[in-house]
Amino acid sequence: MQFSSFGLNPKLLKAVEDQGFEVPTPIQEMAIPPLMEGRDVLAAAATGSGKTAAFVLPILHKLMEKPRGKTRALVLAPTRELAAQIAEHLKALAAHTQIKGAAVYGGVGMEPQVAAFKRGVDVIIATPGRLLDHFQYPYARLDSLEFLVLDEADRMLDMGFLPDVRRVLKQIPAGRQTTLCSATLPLPIVELAREMLDNPVALNVERKSAPAEGITHAAYPVPHELKSHLLLELLKRPEASSVLAFTRTKHRANRLADFLEKRGVSCARIHGSRSQAQRTEALAGFKAGRYKVLVATDIAARGIDVQALGLVVNFDVPNLPEDYIHRVGRTARADATGDAYTLVSPQEEAEFREIERHLGKKLPRQTVEGFDYTRKADERFEVPLAERIAVIRARKAEERARAKAKLQRRSQPETQGKSPAGSRRPSSQRPGRPAKGGRPERAPREVDGNRVVPEGQGTPREIDGNRAPQPARAAKPTGAGRHNGRHASGSGRPFEGGRRQAPPPQGQDGRRQSHPQGGAQPKASPAEGKGQERRGNGRDGKERKRNGGRPQDVPAGSPRKGSFTFIRSSRFAEEGGSGSLPDTSGVREDIYRTHRDGLAGRSNWGKAWQQKAGTSQPDQTEQQE
């Protein structure tokens, strides 16, 4: 039988010819005709038998007659790698058509996937988890869906994906054509699948699942701690040019990959804890020949298509016979040949015998010539589970004993006058802590029972119980202190002479006097104050008030509210001016005068004052002229 006998579109037949397919496989001969008729199909076929093309070709043929812009086909896959592989096959078979597909899975950004939904790509190949994430948004409504495919249905329905699959089925239209394909279909899964299908065509359901005919099986009994060393010997064989090694857990995959890399073997790893970019790079490098060994868990046992894969090694015996079939099915694909080796430890004999019963034959046991099966390994590949549990229990018991001893210590009161354990004294009663709102106390020195306080601390000394009187401080002269004589004596201003003075006298009405010569000054009316000068010392040394701007003689050195009072230098005092500065000589006086004159010279009144004081300098522009 030829592909042309199925009535496929000539463009699809050209793509099939480009892929090198000449004669359809048995599963293609049985599945394509009912799918072309629109029937639901439940198909069981061995891995590598061509079941992907069996359901993709009929879907592409029917989509070519439909308008573009709407998603009409959905393919669900259990793993990201299988979804990416189906997307590649779809792209190759639709190369001469305008039909487009998109892979939707986790571990990558959602933006390209969102764009594919909004664009209405014809076929979406997705994993259930990421598809449900998109279903939360209105752009992912698949109202025009006509075709649904569940690939690797046993894994989808039996290994925990059933709830997600049921939620997906609620989001898509009921009137659709459904196809279930897998390498293994146990009876319970078949019964559940029939509930989802409408009058399905069952293909090879009664046939027991079996690996491909071109696979050569062999078992290598070996102690558990010598498995990694035996694998090194097997990698020296000619057929081991490209090896896919399966482990039971991702932790064992990491340990095996590290072991091989330390021995100089180019190796990559792929498991559930690796990011999608790492998994894609590892698989691409293995296909391109950059890595000799690819260590993987069962995540890679579903749908990984590697050309010219000569050897598959089961480093750990799989738990189920179906998993063994999927693992060894990575080799001898498309009627090719390959080898499958299984390293069997004494603890794994029971699982391996179950696999042999499922296959219906006893697999040959072999040994490697020259390998010492009795030697002791340099280091253990993995600590046995029972030993790890014992260590964990011992650690937990030790932690409980420490906690119990700590609780007993807290329950007993402490000796030597200390407070009971667990209690806490107030902060004011702790040594070195001040009372609330107070200062920390200092322990005094005692000499022969006499309290002695150092003189440098500013407190009086006590000798023989007699407190020495503190000498009175010398009174500072008027004009000295922090303000350096800015306020003249007799002015009644605070902080005069460096010490705070009594408050200024009050007037007859109880108000504070604003002028040292009399009572409070009456406020000027708005009419009088309009257009008047601000009160201050003019250039003639007389004060100008707001009432008409008339000058009034003010005693020198009397500060006024709002007036400008300058600190005159010693040079200005020698020329007849009043006022003085602290004793500044040498550089300090020059720096002070330069800074003062520089600040004062930045305004017009400052320049006038400099000219009057005799400290002005010609302008730089005038000097240049």
Side-chain angles (χ1 to χ4, degrees), residues 27-28 30-47 49 51-60 62-63 71-79 82-83 86 90 101 103-105 122-136 140-209 302-303 320 322 326:
I27 187 61
Q28 293 171 355
M30 293 184 292
I32 291 178
L35 288 175
M36 294 287 289
E37 298 174 2
R39 300 278 304 275
D40 291 353
V41 173
L42 175 62
T47 300
S49 60
K51 62 179 181 297
T52 301
F55 64 78
V56 168
L57 287 174
I59 292 177
L60 294 178
K62 294 183 178 181
L63 289 180
T71 301
R72 303 182 185 274
L74 173 63
V75 181
L76 293 180
T79 63
L82 181 57
I86 296 174
L90 176 69
V104 176
Y105 47 78
D122 299 287
V123 183
I124 288 181
I125 304 98
T127 56
R130 177 52 67 92
L131 183 62
L132 290 175
D133 293 340
H134 285 286
F135 277 167
Q136 301 177 14
R141 295 180 61 88
L142 303 179
D143 297 334
S144 302
L145 193 69
E146 299 180 10
F147 308 96
L148 173 65
V149 178
L150 273 71
D151 199 10
E152 302 291 352
D154 55 344
R155 180 67 64 175
M156 296 284 292
L157 304 178
D158 190 33
M159 301 302 294
F161 295 102
L162 179 60
D164 291 343
V165 171
R166 292 189 181 277
R167 283 193 290 268
V168 170
L169 295 177
K170 294 179 180 179
Q171 301 289 334
I172 58 179
R176 61 185 183 275
Q177 183 180 2
T178 306
T179 304
L180 271 73
C181 297
S182 179
T184 61
L185 285 174
L187 184 58
I189 304 303
V190 172
E191 295 177 353
L192 183 62
R194 285 174 177 171
E195 299 176 2
M196 302 179 181
L197 303 177
D198 182 17
N199 191 21
V201 176
L203 305 177
N204 286 341
V205 174
E206 302 299 332
R207 184 184 63 85
K208 182 183 296 185
S209 58
R302 302 291 178 124
L320 300 174
E322 289 79 6
H326 280 288

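Worth knowing before you read on, the calculation uses all heavy atoms, side chains too, and leaves out hydrogens, waters and symmetry mates.
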Going by heavy atoms in the side chains, are [X] and [Y] under 4.5 Å from each other?
X    : Y    : result
L76  : D151 : no
T71  : D122 : no
L82  : I125 : no
V104 : H134 : yes
I59  : V149 : yes
T178 : D198 : no
Q171 : L142 : no
D40  : V201 : no

On a heavy-atom basis, which atom in [X] and which in [Y] lie closest, and how many Å separate them?
X   : Y    : value
L90 : G101 : CD2-CA, 3.8 Å
A77 : A83  : CB-N, 4.0 Å
A54 : Q28  : CB-CG, 4.0 Å

*Are L63 and R72 close enough, and set up right, to give a side-chain contact (heavy atoms from CB on, under 4.5 Å), and what steps lead you there?*
CA-CA 8 Å; L63 289 180; R72 303 182 185 274; 3.6 Å; yes
*Report the C-alpha separation of V56 and V123 in whole Å, then their side-chain angles, then the decisive distance to 0.1 Å, and conclude whether the side-chain contact (heavy atoms from CB on, under 4.5 Å) test is met.*
CA-CA 10 Å; V56 168; V123 183; over 6 Å; no
_R167 atom CZ, neighbour heavy-atom count above 12 within 6.0 Å_ =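 Result for CZ/R167: enclosed.
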Rounded to the nearest 0.5 Å, how far apart are [atom1] of [X] and [atom2] of [Y]?
X    : Y    : atom1 : atom2 : result
M36  : K62  : CE    : NZ    : 7.0 Å
F147 : L35  : CZ    : CG    : 9.5 Å
C181 : L203 : SG    : CG    : 8.5 Å
M196 : L148 : CE    : CG    : 9.5 Å
R130 : Y105 : CZ    : OH    : 10.0 Å
T127 : D164 : OG1   : CG    : 9.5 Å

*For side-chain contact (heavy atoms from CB on, under 4.5 Å), just list the numbers for V41 and L180, CA-CA rounded to whole Å, side-chain angles, deciding distance to a tenth of an Å, and then say yes or no.*
CA-CA 6 Å; V41 173; L180 271 73; over 6 Å; no
_Is there a salt bridge (Lys or Arg N to Asp or Glu O under 4.0 Å) between R176 and E146? Walk through the geometry before answering._
CA-CA 5 Å; R176 61 185 183 275; E146 299 180 10; over 6 Å; no
